Amino acid sequence: MDYLLYPGCSLEGGGSHYLVSVEAVFKALGVKLTEIKDWNCCGASIHYVGGSELQTKALNARNLALAQQQGGQDIIAPCSSCYIQMIKTAHEFEEDPKLAAQLNQILAEAGLSYTGGVKVRHVLDVLFHDVGLERIRQAVKHPLTGLKVAAYYGCQTTRPYGEYDSVEAPRTMDQLLEALGAEVVPFDKGVKCCGSGIFFTEMETCARLVGDILGAAQAGGAQLISTACPMCQMNLEIYQSRVNKILHTEYDMPIVFITQLMALAFGCKYGKEAALDRNIVSPKSVLQAFAA
Amino acid sequence: MASKAYDKSFREEVYENVDSGEEIKLCMQCGVCGITCPLRDEMTYGPRQIWSLIRAGKREEVMNCSDIMLCTSCYACKVRCPRGVKVIDVMHGLARYALRQGIVPRKETSKFGKVFWDCIAKTGRIDETDVPMRYTMTAGPIHGIFNALEMMDIGRALLSHKRMKFKVAPGVPPAKKIKGIRGLKKMLKKAAAMSPGKES
Amino acid sequence: MAKKYACYLCKGCGIGEALDFDNLQEVASESGMGEAKAHEALCSPEGLALIKADVDGGANALLIGACSARVKTDEFTFGKEVLVERASLREQTVYCTEAGEEAAADRQMLAADYLRISATKLQKMELPVPFQLEQPAEKAILVVGGGVAGLNAALAAAKAGAKVYLVEKEDALGGFLGKMAKLGPQSPPYQELQDTGLEDLVGQVQGNGNIEVFIGNTVAKTEGAPGNFTVSLSGGQSLRAGAVIQATGWTPYPPEKLADELAYGSSPNIITNVQMEERAKAGDLGGLNAVAFIQCAGSRDANHLPYCSAVCCLVSLKQAMYVKQANPEAAVYVIYKDIRTPGQSEEVYRQAQREGVIFIRRGEEYPKISDHGGKFTVETADVTLNDTVAIEELDLVVLATGMKPNNPKVVEPPLVALGMDQEEAKRLTAEAKAQSDDWSVLNLAYRQGKNLPTLKYAYPDSHFICFPYETRRTGIYAAGTVRRPMRVTQAIEDATGAALKAIQATTAAAAGFAVHPRSGDESFPEFFMQRCTQCKRCTEECPFGAINEDEKANPLPNPTRCRRCGVCMGACPERIISFKNYSVDMIGAMIKSIEVPEEDEEKPRVIVLACENDALPAIDMAAKAGAKWSPFIRFLPLRCLGSVNLVWIADALSSGIDGILLFGCKRGDDYQCHFIKGSELANVRMSKISETLDRLVLESDRVRVEEIGFGEVDKIPGIIAEFMETIESVGPNPYKGF
Amino acid sequence: MGQAILVVGGGMSGVSAALEAAEAGYNVVLVEKNPYLGGRVAQLHQYFPKLCPPYCGLEINFKRIKNNPRIQVLTMAEVTGIEGAPGAYKVAVKQAPRYVNDKCTACGLCGQAVEATVSNPFNYGLDQIKAAYLPHEMAFPYRFVIDPSIAGGPEGEKAKAACPYGAVDLEDQGAELTVEAGAVIWAAGWTPYDASKVEYYNFGASPNLITNVQMERLAAKGGPTSGKIQRPGDGKEPKKVAFIQCAGSRDVNHLPFCSTICCLASLKQATYVRAQLPEAEVTIYFIDIRAMDRNEDFYTKVKADEKVKFVKSKIGLIQPNEAGNLVLEGENTASGERFKAEHDLVVLATGMQPNTALNKIPAEVAYDEYGFVQAAEGIIGAGTVRRPSEVHVSVQDGTAAALKAIQLVAGR
């Protein structure tokens, strides 16, 4: 098992604990990750303000071309925002020969080319379909028995093609959590947008969206929310104080990456490998019982 | 009495100049997008009605409508649209088109997005400290500092949890560029020239 | 045929435990059936072997007392030469009556009566001898109309080996297909306009040795019957044909009628979709920068054509594509009520949108069209914009007008006119005639009129969902847009199917059996003319116009036109019309064979004359489902309730039967009677019976008509119970015992 | 006379094709997958626009089959292979075991003896049926079936012991046979589109959210409620019924084509509700109402009922609430209003997927991208495998297919 890793800008910043835990988990599972050399930003959701659609596709085409140059293995893009930008370009490249030609014209400016065929995968996809629940169960050393988790996928994690899971009612993370021994609570906001794209700019609206999600998780009895997108993690977590101010609530809900929980269950170190000490709403009181 | 005549010039303008603008041709006015959008309550029209306005030639209503810049790219509408219309791409395209016309549907988003893109264009990546800092400063020095203080607690928290690099000011220390930045810049220039509406 | 009777009684399925078989054997014997053989399971290989041995020994008239005739049909069929009559001891005896000792006597009488009824029937019926035309039946098929349906019908029949005459009134084949520039997308990926393919089609027709084409001709007269039509053409030729396909197509709804609503006629640039097609074919689409199509121009409008013309949406999409393909810059609007692109043609809608056609939903009101120096403005509601809008600077406005069938409208006088006093009947008949069209396509030399009967909107179709091809004139099939609005692809299929129906009609005429719905039936009505009083009832009432009249009003039956329903038999006051295996005398005798207990026994007897297609299976179903009803009921299956002759009512009442129920199909606009008006006729006839009953000093309550079909299964026990109460309240038939 | 014509599918188009060919004098083998003929129409309560029961026409057709020695019917049978060319095919047919032979009198004793139940496919799983059962009250052939789940066990033995006629054959292995035919008519019909694939409708989340085919069974006398329209969740009479049009159809993510019949089916089902429940309100949520040709009259009739409302909106979300009702969300595209509407019974107008999209014909046959059969010589599509269509068009198509088959076998 050999994949290329596209960390994306967020995993180098606010989502650093995602990167640390992804690397720990894949190492534990014996999966090799090689970072795409000299990758560039995917453009994310806000690209359109400064760049055209084609420019954004060019950004992603460059990463695909680099990946192909490096061996063309499947790319893992842990950040859902990167994932969706990249998979969109990859898909449309295959479907639309005119676009493919245009992109190659553009890539030529940097002495690059792309012939198609590289697959873009999400962390959840690879864990569920390639590694498989069985191997994950085997790797669990400290089952998260009794831990009540709300599985929050976020909007972009399974969209827009539904390649590896349902776009409206995904189940992969639920099953992964269950494989870790955790209890997945009823939660109907699993793919509801958290508004991270307008985090800085439309605070009130964003607060309402975040509040809806936190409220539903709390109502379901969740001790924490598990996610697989750094945008969601950041938005749901660091925004809680704002939400509480605006909506007069008292949320104190830890937001952790599924890979952090997995690392913990695999017996990795709470801080160094699971990077749980990097969570601002501390999950310590909930998770320390499972720590190695 | 008809409130206004249908005018084909605007829709043709959209087809030609707006990224993914031709997508709206396929809309059959079913209404699913309008109800699917998580921000529907913040919108005056919603996608379907905007398409309808474009068809009718209602340029002012569309270009001056802040709906076109609210989209968070959640893809819920794209996933459900029975005609497969790339609603998000059109919305982004419209917002971008408005900006190019000097119309700013949403000031804050525009400012933030501009800083964001500039960072990519200059360095190839986003510096998650630099971008918000620069964005906050777009409010002007006094407001900027005030806003920055507002966000200070968050920044401090991120910093202390090893999720943010330390910066004293925007660009200090400067963000690292990718190695292939020169090639990337050329690519972006080329892509701009090939984009609808002949961008420069 | 010399009949050798044999009777078999089945003890299976609980019959054995419920009935006294010694008694039944006695009844069979008394009824002339000889010694009845009982078996534990008559349908088992052993039981069947028992019967087969007797058949081999010469038995040829078999009474089988077992389950309903609707089941185990294959098992209890012993070849065409052996008459079989089934007495329903299971469904109509054991299943539907209370079990146990207390009810045993009544149940036994019920079973015994069914044996008597069946024995009587067996004695009264003969093996049918198929009708043979004087000349050998003609197998050629006449196709009227050389449009897409006619051409395809002709070709389909010819390819199956039939000789075909194709008559077209114009001087060229093709009909509307010949006026079309292109067809809309018909095949995957449903995005490209297609050639009409007319040249190839006409070439195939003209090159087929089985097809003879008569262009510039109409049908002056159609005489005769299936297997033997003589058709005179306007050009003077006379043809003999076995069956006819009318594929005369459609006429555009007259646009002049839309002058008020849609300004038709006010400018040469407000045109219909037919005119648009002509312009496209002539290559005259230059200089169009803005065009609006207005859908439902006359269609879906109570003041014009209340129905949807089915093709106009796709025609406008196609024509919008013409405009777009001639000038991609042109602004093209389709102003619609609902876009109707069924099936795969949804992709055509998408394709038109891709090409830039703008769709505006207009609501119920017509748009307003105004002329501004040769450029038009269309003002319309724009529903999805929630506004009223104007579309200006239009070069051309196309009205998507609908289609009317090329078939004369026929309005029939109400059935109550039958047997009414002369003046009133004449008035109703004249009124109906005044509402009917006077022109004709086929000029049928039929006593009931020269045209195919129509229901709504002059469509001569059958009104049957399950049997769409049946017109009410046997051997004449409507195909294509004359039958209902349809697209070209559907008309091709329709024509192909109609060709098969026509081939079947000639086959049936040659072999002497009936077509749908009694397909294969070799019986036919025979007239004992010496006693005919020329009352015209049979010629008027036949739902299929099978009987002509001579100048003295003698009926002239045409057995190959006949569907074997027996309506004529029911109509005849002199009871001179009989089938070999179905007659007034036979049913009368069956009724009389029922044993009527003395009045003081307080065991009333009620007969149910039941339609064998709907009511009888419904009764079986109810019985199977466990419904119970009075053991005083005796069901008699009929081909159609329209065959009920009033004499049976008299027979029944005079033999002491207390009440008579008639179970027929649903009547009215959505009738289900497969003989069109049998149920309705029975109702009309019964409504006139109270007078007779009064004369006999009998309560009219004793006779009732009920609509019973598959939808009324659960109501059967209730209807029977309620009727039994009525009978109880009016008391026993005073004629009992006389 | 000539070679036989093989007809695959005993629904409306298949039965029509078989009968029309046989009545023109040709030998026909009719292969049907179910244990009975009649296909989907047998499961309908009424036809539009006449609101007449399908069994009226089926009864005539079955009678025609009974009276016609040229038709051989094989039920519980499927075609597994086709070899040869137009005019000379060898078709492999596999018949599943019925475990009941032709000695069965449909007396019902086996059904009484057996205790095991299975989900009733005829009622689309709305109820359970004994594992020894008559497929439905009008089944043709009129013969019981034993569910394979009990054939090898003690319940099967109970059925066998109960039958006085030796009709239960637990050793039944089914059969494999080869049919020689000059032409094959493929009339395999359709399957209701799987409603659960339209995830935002949450089919399965509430018993009061049903499909249009289930609604037919709810209204049918032989259905799970004996024809009483009630909420499957609690048996209560619904007061506010909604029909969701295009639940999968006209949707590039699901069935990109229009299923043609669903508008009329919902109009018809609205009449079921209104006829039974005078107080009930019906709302039909639609994109376009497609009541083609003379069916428009039926639309006009239903529209005249003021308790039937039409709202132009494709519903974007259906969610059950605590009251057991369903909340629909949509945008009324006529007013622009975004609404939430609560209904106590919701019917999804799911469309028709051609069975050839799910199971291909085991021979070289062309399809369009949706799986509909394209015109071909020798193997002739008929009915809803060619395009979505209403009953009378299927009959028409079946009849046309019969002639195309005859053209191939005539004179051979």
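Predicted model only: the values in this text are computed from it and were never measured.
- Applying a 4.5 Å heavy-atom cutoff, the residues of residues 346-367 of chain C that approach chain B are C:E346, C:Y349, C:R350, C:Q353, C:R354, C:G356, C:I358, C:F359, C:I360.
- In this structure, the side chains of C:L385 and B:K58 come closer than 4.5 Å at one or more pairs of heavy atoms.
- By the 6.0 Å contact criterion, NZ on C:K375 is enclosed, its count of non-hydrogen atoms from other residues, nucleotides or ligands being greater than 12.
- For the options B:Q49, B:R11, B:E12, heavy-atom pairs under 4.5 Å to chain C are most numerous at B:R11.
- Atom NZ of C:K404 sits in a sparse spot, with 12 or fewer heavy atoms from other residues, nucleotides or ligands closer than 6.0 Å.
- The number of heavy-atom neighbours closer than 6.0 Å to CD of C:E192, taken from other residues, nucleotides and ligands shown, is 12 or below.
- Neither the backbone nor the side chain of C:N386 comes within contact range of chain B; no heavy atoms are under 4.5 Å apart.
- When the shell of 6.0 Å around NZ of B:K185 is examined, it contains more than 12 heavy atoms from other residues, nucleotides or ligands.
- B:Y15 touches chain C through its side chain: at least one heavy atom from C-beta onward sits under 4.5 Å away, while N, CA, C and O do not.
- Judged by distance alone, the side chain of B:K8 and the main-chain N or O of C:A330 form no donor-acceptor pair under 3.5 Å.
- Here B:D7 contributes atom CG and C:I391 contributes atom CD1; the two are 12.0 Å apart, rounded to the nearest 0.5 Å.
- Contact residues of residues 259-287 of chain C toward chain B are absent (heavy-atom distance under 4.5 Å).
- Ranked by heavy-atom pairs under 4.5 Å with chain C, the first of B:E22, B:M28, B:R55 is B:M28.
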